[in-house]
Student: 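Here's a structure for you.
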Amino acid sequence: MPRLRNLNMTLRYEDDLKLFKSRQSRLAMVALAVVAIALPLSITDDFWLSVLNYAGITAVGAIGLNLLTGYTGQVSLGHAFFLGVGAYSAVFFGGTHQWPLPLWLLACAVMGGLIGAVVGPFALRLRGNYLAVVSLGLVFLGIHVFTNWDSVTGGPGGTSVAAPLKLGPINFGKLEVGNYAYTRNQGFFLLVWAIVAISALFAKNIVRTRPGRAMQAVRDRDVAAEVIGVSLARYKVGAFVISSALAAVAGGLFGAYQQFVTPESWNLFLSIQYIAIIIVGGVGTIFGSILGAMFIGAAPQIVDKFSGSIPLVSRSPGGSGFHLTVFQLNQVIFGVLIVLFLVLEPRGLAAVWLRLKAYFRAWPFSY
Amino acid sequence: MTDFLQLSFAGLALGALYALVALGFVIIYKATGVINFAQGGLVLLGGYLTYNVHHTWGVPFYLSIPVAMILCGMVGAAVERVVLRRMVGQPVFAVIMVTIGLLFVIEQVVTGTWGFNRLNMGDPWGIKKFTVGDVQLSVVNLWTIMLAALVMAGFFLFFRYSRLGVAMRATAFDQEAAIANGISARRVFALSWAIAGAVATLAGVMLASGGSGLSPEIEFVALLAFPAIILGGLDSPAGAVLGGVIIGLTQTLTAGYQPRYADWLGNGFSSVMPYVVMIVILLIRPYGLFGTKEVRRV
């Protein structure tokens, strides 16, 4: 039926599995890549660049969490712990031992994956609420270890991260193309978003193939999945390994970008933030993780920047009557966002995007 | 020996405190199947409401507690009605996150209204202590233990003998069957949140009295109560109390002996010891000591 191919219909299962379903989507990807490369050239403002950099780093971790929670259905409040593992791997391999960029990033992923493989089997024994609370315990144990393992983590005061950012002749920390010198933020933007693209492609390839279908079967009903021959041990632990490896890469990047890490930053709030990102972005979508990371990552900084013009908000605590600081306002916005999205749009921004796309695709018959 | 007795008493008191917080979790979980991460927020709100009733409205301290309990219970019921009611039938993960979102909102409303300063609760017992043998017993600890025992006894009587309590148990057991028998599941849900709010107020008051003062930090106790509820089993009030006492004792005994005998575990190991105990026990009994094993069907 070649004539029907041009309509927006998926006729064969193979087509449904394709990475790029149409020529337009392939073109759109190329356009996106061009924009990503051109963007740091046109933005020189460090504020917006750092917002985008943090969003990109967060997106890598969020993709990992979405594989675990969104696709495999294992609720983890322990994501911050794995981010911390990655950051301290960057401190140790990148900072102390000065391994080159690809190697220390790989070392982060391996460390995260290994520890994920140790924690993963818990998910075989515990389910739902109980698993969530155990993974919460992991965060506290993590902070304790990070605080007390002075020789690597620098103790409660934190430690600096001097991981090299050189990939062969390209130094992302001080990028020069021709006679144009990029700032550190601009170079980092390219590095971070390249890794986001690689992680997204990696994750997308997992979820559209056999392992991804197995993971979704585990999520939807694990006993049924087991009955039809999906190995729970393999896919639950596997999901933990991949998700924590990605989290560790994000943590490593975070450390390298920020150049300083403290044990207290890998706290429960960070885990919650990641869960909020996949909820707001869209549970069970790779694209949604990136959208969510940009949204949740950018919102507080934008509120902070424009806080002067928001009523009832002051810059510092104190004074009388009911008022909020910027920090508090951000917490409230954050909480309200989670509640609103879960109650009103449980499928997140990704679903909003799909609806918009469907609207314009079917235009002018958009009903 | 004196050390041990002293530590054990402190552990028992801490355990009673955890038990008070844990009972709030359990009653909501039992009736609605929701782990309420906002329980810490209710503890916080309860403490500050009591402060407000006592100091700002000038109600005597002992009377201000029940007033605050009623107020906080109403807030709990309202939260259930407005937010949680819409989440019925949603996945566990979504419901957990909604309660976390609520926690953020409650926390900021409280600190926005009452500020961050440490406030004096104005409780009559303060830092009073008396000595039995070589062991010092502080009045606030005795009150906490007594209140936890009272609340537990109250729960027991309520679930055993009152119509509403039996209705709650029926709803927890099988919602549809309960509705078919003319029980209003809505009322049961709202009531369970109201009771949780009231119990949380007691926990908040006990946390903030006895010289420690009222500050936004008291909500973190809820995080430490998690090991207690998980240990006892999410749906068992008796388990919550036992879990609370085990965790409380573990924590104080670790604080007392770990620096001497196992220093390599690091500073402040006692604050993470509850989680270690929790993880170990869950690996042996995945539904806690008294939790109902979930029957899985395809």
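The model shown is predicted, which means the values in this text are computed figures rather than measured ones. Excluded from the calculations below are hydrogen atoms, water molecules and symmetry mates; all remaining heavy atoms, backbone and side chain alike, are included.
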Student: Heavy-atom distance under 4.5 Å to chain B: side chain of A/D150, backbone, both or neither?
Tutor: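 When you check distances to chain B, no heavy atom of A/D150 falls under 4.5 Å.
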
Student: Is it the side chain or the backbone of B/M278 that comes within 4.5 Å of chain A heavy atoms, both, or neither?
Tutor: side chain

Student: Show me the pairs that pass side-chain hydrogen bond (donor to acceptor under 3.5 Å, both in side chains) and involve residues 91-104 of chain B, at least two apart or across chains.
Tutor: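 Pairs touching residues 91-104 of chain B that pass the test: none.
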
Student: Evaluate whether atom CZ of A/R347 has more than 12 neighbouring non-hydrogen atoms of other residues, nucleotides or ligands under 6.0 angstrom away.
Tutor: no

Student: Could you tell me which portion of A/V283 (side chain, backbone, both or neither) has an atom closer than 4.5 angstrom to a non-hydrogen atom of chain B?
Tutor: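 For A/V283, the contact with chain B is made by the side chain alone.
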
Student: Using non-hydrogen atoms only, which part of A/L77 is less than 4.5 Å away from chain B: side chain, backbone, both, or neither?
Tutor: side chain

Student: With a 4.5 angstrom heavy-atom cut-off, is it the side chain or the backbone of A/I279 that approaches chain B, or both, or neither?
Tutor: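 Just the side chain, heavy atoms under 4.5 Å.
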
Student: Please look at B/L103 and chain A and tell me whether the side chain, the backbone, both or neither of the residue comes under 4.5 angstrom of a heavy atom of that chain.
Tutor: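 B/L103 has no heavy atom closer than 4.5 Å to chain A.
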
Student: Considering only heavy atoms and a distance below 4.5 Å, find which of B/V276, B/L223, B/V95 pairs most often with chain A.
Tutor: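 If we count pairs closer than 4.5 Å to chain A, B/L223 comes out on top.
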
Student: Name the member of A/G335, A/P156, A/A276, A/A225 that forms the most heavy-atom pairs with chain B at distances under 4.5 Å.
Tutor: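 Top count of heavy-atom pairs under 4.5 Å with chain B: A/G335.
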
Student: Let me know if A/L268 has heavy atoms under 4.5 Å from chain B in its side chain, its backbone, both or neither.
Tutor: side chain

Student: Test side-chain contact (heavy atoms from CB on, under 4.5 Å) on A/L138 and B/Y275 and set out the steps.
Tutor: CA-CA 8 Å; A/L138 202 61; B/Y275 295 102; over 6 Å; no

Student: Find out whether A/L141 and B/I279 are in side-chain contact, i.e. whether some heavy atom of one side chain is under 4.5 Å from a heavy atom of the other.
Tutor: yes

Student: How many angstroms lie between CD in A/Q273 and CD1 in B/I100, if you round to the nearest 0.5 Å?
Tutor: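 Spacing of CD (A/Q273) from CD1 (B/I100) equals 12.5 Å.
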
Student: Tell me, side chain or backbone of B/I284 under 4.5 Å from chain A's heavy atoms, or both, or neither?
Tutor: backbone

Student: Considering only heavy atoms from C-beta outward, does the side chain of B/F37 approach that of A/L136 to under 4.5 Å?
Tutor: yes

Student: Kindly check if the number of other-residue, nucleotide or ligand heavy atoms within 6.0 Å of CZ (B/R85) is above 12?
Tutor: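 Counting neighbours around CZ of B/R85, more than 12 heavy atoms of other residues, nucleotides or ligands fall under 6.0 Å, so yes.
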
Student: Just checking A/F269 against B/F104, ring centres under 6.0 Å apart?
Tutor: yes

Student: How long is the gap from CE on B/M87 to CG on A/L342, to the nearest 0.5 Å?
Tutor: 5.0 Å

Student: Side chain, backbone, both or neither: which part of B/I230 has a non-hydrogen atom closer than 4.5 Å to chain A?
Tutor: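 Interface part for B/I230: both.
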
Student: Distance check, rounded to the nearest 0.5 Å: B/I96 atom CD1 versus A/I275 atom CD1?
Tutor: 8.0 Å

Student: Between B/M97 and A/I272, is the side-chain contact (heavy atoms from CB on, under 4.5 Å) condition met? List the steps.
Tutor: CA-CA 8 Å; B/M97 285 311 291; A/I272 292 172; 4.1 Å; yes

Student: Heavy-atom cut-off 4.5 Å, strictly under: side chain, backbone, both or neither for A/T147 against chain B?
Tutor: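 No part of A/T147 comes within 4.5 Å of chain B.
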
Student: CG/A/L329 to CD/B/Q108 distance, rounded to the nearest 0.5 angstrom?
Tutor: 9.0 Å

Student: With B/Y29, which residues qualify under ring pair (Phe, Tyr, Trp, His ring centres under 6.0 Å), at least two apart?
Tutor: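 For B/Y29, no residue satisfies ring pair (Phe, Tyr, Trp, His ring centres under 6.0 Å) once neighbours in sequence are set aside.
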
Student: Does any N or O in the side chain of A/Y130 come within less than 3.5 Å of the main-chain N or O of B/L234, such that one atom is a donor and the other an acceptor?
Tutor: yes

Student: Quick one: does A/H144's side chain have a donor or acceptor within less than 3.5 Å of a partner on B/S270's backbone?
Tutor: no

Student: Does some side-chain heavy atom of A/L126 sit less than 4.5 Å from a side-chain heavy atom of B/Y287?
Tutor: no

Student: Under 4.5 Å from any heavy atom of chain B, what part of A/F140 do you find: side chain, backbone, both or neither?
Tutor: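 A/F140 touches chain B through backbone and side-chain heavy atoms alike.
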
Student: For B/F269, is it the side chain, the backbone, both, or neither that has a heavy atom closer than 4.5 Å to a heavy atom of chain A?
Tutor: both

Student: Any side-chain to backbone donor/acceptor pair from B/R86 onto A/V343? Under 3.5 Å, distance only.
Tutor: no

Student: Please state whether the side chain, the backbone, both or neither of B/L282 comes within less than 4.5 Å of a heavy atom of chain A.
Tutor: both

Student: Tell me if the CZ atom of B/R118 is crowded by more than 12 foreign heavy atoms within 6.0 Å.
Tutor: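 Result for CZ/B/R118: enclosed.
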
